[in-house]
Amino acid sequence: MIDLRVLRDAPDLVRASQLRRGADPSLVDSAVDLDARRRAALTDFERLRAEQKGLGKEVATASGEAKAELLGRAKALAEQVRTAQADAEAAAAELEEVVGRIGNVALDGVPAGGEDDFVVLREVGSPRDLAAEYGADFVPLDHLDLGERLRAIDTVRGAKVSGARFYYLTGVGARLELALLNAAMDAALAAGFTPMITPTLVKPEVMRGTGFLGEHADEVYRLEADDLYLVGTSEVALAGYHADEILDLSTGPQRYAGWSACYRREAGSYGKDTRGIIRVHQFHKVEMFSYTSVEDAEAEHERLLALEEQMLALAELPYRVIDTAAGDLGSSAARKFDCEAWLPSQQRYLELTSTSNCTTYQARRLGVRERTASGETRAVATLNGTLGTTRWIVAILENHQQADGSVRVPVGLRPYLGGLEVLPVVAPA
RNA sequence: GGAGGGCUGGCUGAGCGGCCGAAAGCGACGGUCUUGAAAACCGUUGAUGCGGGACACCCCCGUAUCCAAGGGUUCGAAUCCCUUGCCCUCCGCCA
């Protein structure tokens with residue numbers, strides 16, 4: 001939720017942000033009008049309510065005929081109070097509906113436009129030249145071919161048991177995921193994050209508060225019988241962790257690293273990334289989440305990005321960092337950096353991490369505040385970022401494949417695989 | 001699954017349908033005292049919205065809302081009724 005004060009005092013700022021996002025700027029004008037209407041209705045209600053309270057006190061002390069007369073007046077007034085209250089509540093609800101559709105104000109520097117209007121900040125490492133290494137006629141295997149030869153990935157049985165976009169990680173595949181996620185947890189721990197294993201089912205208000213029930217509500221699994229939602233990321237549970245609390249950030253940001261399963265319906269992505277485990281309904285992820293003061297948010301964002309890059313370096317993957325365009329931010333984020341690894345089989349980049357600065361947008365809706373040195377309360381900023389996911393296996397297998405279809409284990413992951421240096425082919429094609 | 005008991009401010013814990021945003025204690029903060037600290041004593045101490053005061057903020061004044069959540073009864077609800085959630089105890093069942 002955007003700050004109503006900003007909406008009131010600087011509607012141009014919000015309007016400009018909407019335009020950069022390719023969203024509807026007229027929502028801002030509707031919201032300003034509705035805000036004025038709500039305040040007027042509230043004032044009416046308060047005046048009547050105060051009158052009612054005063055009259056109530058007279059009723060309490062009166063008796064006999066005077067009391068009967070007062071009661072008559074009080075009854076009439078009660079009806080007016082009811083009406084005024086209903087008006088005020090209706091106006092507030094209407095305002096909330098419109099305000100909820102306005103996205104966070106994109107930070108200065110965020111490129112305008114949609115999905116394709118990102119800016120590449122840097123490219124790190126260089127894609128392997130497999131033709132030069134293994135001969136001009138070498139055809140790189142994709143992650144699924146490799147995964148099947150290593151007996152690491154089984155999508156056939158995943159589909160048999162659960163349907164399309166489900167898979168088993170088997171043997172070294174399962175070990176590789178555990179290794180990667182353990183390495184991610186260790187990196188987070190070393191950087192001062194508190195490790196967390198979080199619930200993956202959450203209540204509607206938490207899901208709504210984190211902003212996942214907006215435009216992309218159909219991406220989320222819902223358990224009708226229990227009125228609970230399956231999370232698409234532990235960000236949801238970590239953001240909800242301090243909901244309705246007043247935090248003490250005087251000693252710096254509060255940092256959490258969540259490990260959880262993630263569930264996504266992938267509605268609307270029919271036919272996209274159908275092969276292998278690039279786009280699946282269920283996967284695991286280690287996610288960083290920070291609560292900071294507004295002042296610290298941008299520095300924390302850089303910090304999260306640096307940690308992501310540290311993990312990509314540990315996995316020895318070539319990647320680029322992009323500054324996502326305003327239209328591709330999602331409602332809560334004010335800025336978002338993605339790291340995309342090179343995918344040899346497809347000759348393209350694939351998103352492996354995403355870190356968002358949600359400024360106070362998410363915290364305001366969830367009621368997460370801090371107490372400042374001077375004693376007031378105010379909304380905190382929230383940030384999140386990916387440290388490792390099942391999808392990383394795709395990039396690791398493809399980028400570290402060897403001529404015979406085996407896969408070299410990045411040095412940094414070896415300690416997590418009992419010193420294993422190579423994932424050997426056990427099921428040749 | 002069944003039967004009871006409970007849910008009040010940072011914590012403990014009172015609370016008769018109107019005088020209750022709520023006693024008291026603890027904690028915290030400020031002060032007195034002290035070379036300093038402790039103790040003692042004095043004082044302050046919930047959140048949020050709205051309106052006003054030369055109104056960006058702080059501050060002051062007024063007002064409303066919040067006693068698990070939602071609904072109802074009533075001129076008036078922390079207090080009575082209903083529904084839901086959560087916690088505790090007991091019984092049963094199953095990891």
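Here the structure is a predicted model, which means the values were calculated and not measured. Letters go in sequence order (proteins before strands), and every chain restarts at 1.
- Taking only side-chain atoms of A:A74, from C-beta outward, the nucleotide of B:G76, B:C50, B:C75 with the closest atom is B:C75.
- Comparing B:G51, B:C58, B:C75 by their nearest atom to the side chain of A:R39 picks out B:G51.
- Separating the C1' atom of B:A78 from that of B:G6 is a span of 15 Å, rounded to the nearest Å.
- Taking the six-membered ring for Trp and the full ring otherwise, the centers of A:Y291 and A:F289 sit less than 6.0 Å from each other.
- The C1' atoms of B:C11 and B:G27 are separated by 7 Å, rounded to the nearest whole Å.
- Between B:A77 and B:C20, the two C1' atoms lie 11 Å apart (nearest whole Å).
- Taking atom C1' in both B:G25 and B:U32, the straight-line distance is 23 Å, to the nearest Å.
- For A:A78, the side-chain atoms get nearest to B:G76 when compared with the rest of B:C50, B:U65, B:G76.
- Side-chain contact, A:T382 with A:Q362: a donor N or O sits under 3.5 Å from an acceptor N or O.
- The listed nucleotides are B:A47, B:C75, B:C50; the one nearest the side chain of A:R5 is B:C50.
- Residue A:R369 is classed as a sugar-phosphate contact, given heavy-atom separations below 4.0 Å to backbone atoms only.
- One interatomic measurement links the two molecules: CD of A:E245 to P of B:A47, which rounds to 16 Å at whole-angstrom precision.
- The separation of B:G72 from B:U79, taken at their C1' atoms, amounts to 15 Å, rounded to a whole angstrom.
- Rounded to the nearest Å, the gap between the P atom of B:A56 and that of B:G43 is 37 Å.
- Atom name P, nucleotides B:U83 and B:U89: the rounded distance is 25 Å, in whole Å.
- Both distances falling under 3.5 Å, in either a Watson-Crick or a G-U wobble arrangement, place B:A40 opposite B:U32.
- The partner of B:C75 is B:G18, judged by Watson-Crick or G-U wobble contacts that both fall below 3.5 Å.
- A donor-acceptor contact under 3.5 angstrom links the side chains of A:T390 and A:E177, judged on distance only.
- When the P atom of B:G18 is taken as reference, atom NZ of A:K57 falls 12 Å away, rounded to whole Å.
- Taking atom CZ on A:R364 and atom P on B:U48, their separation rounds to 13 Å, with Å as the unit.
- Straight-line distance between the P atoms of B:C33 and B:C42: roughly 16 Å, to the nearest whole Å.
- Atoms CG (A:D9) and P (B:A56) sit 10 Å apart, rounded to a whole Å.
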Apply salt bridge (charged side-chain N to carboxylate O under 4.0 Å, His left out) to the pair A:E79 and A:R82, showing each step before the final yes or no.
CA-CA 5 Å; A:E79 188 52 45; A:R82 248 190 298 278; 3.4 Å; yes
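- Residue contacts for A:R38: at a heavy-atom cut-off of 4.0 Å it reaches the sugar-phosphate backbone alone, with no base atom in range.
- There is no side-chain donor-acceptor pair under 3.5 Å between A:N384 and A:T355.
- There is no side-chain donor-acceptor pair under 3.5 Å between A:Y167 and A:H281.
- In this structure, A:R8 reaches the sugar-phosphate backbone alone: every heavy-atom distance under 4.0 Å involves primed, P, OP1 or OP2 atoms, never a base.
- Regarding A:K53, its NZ atom lies at a distance of 11 Å from the C1' atom of B:C66, rounded to whole Å.
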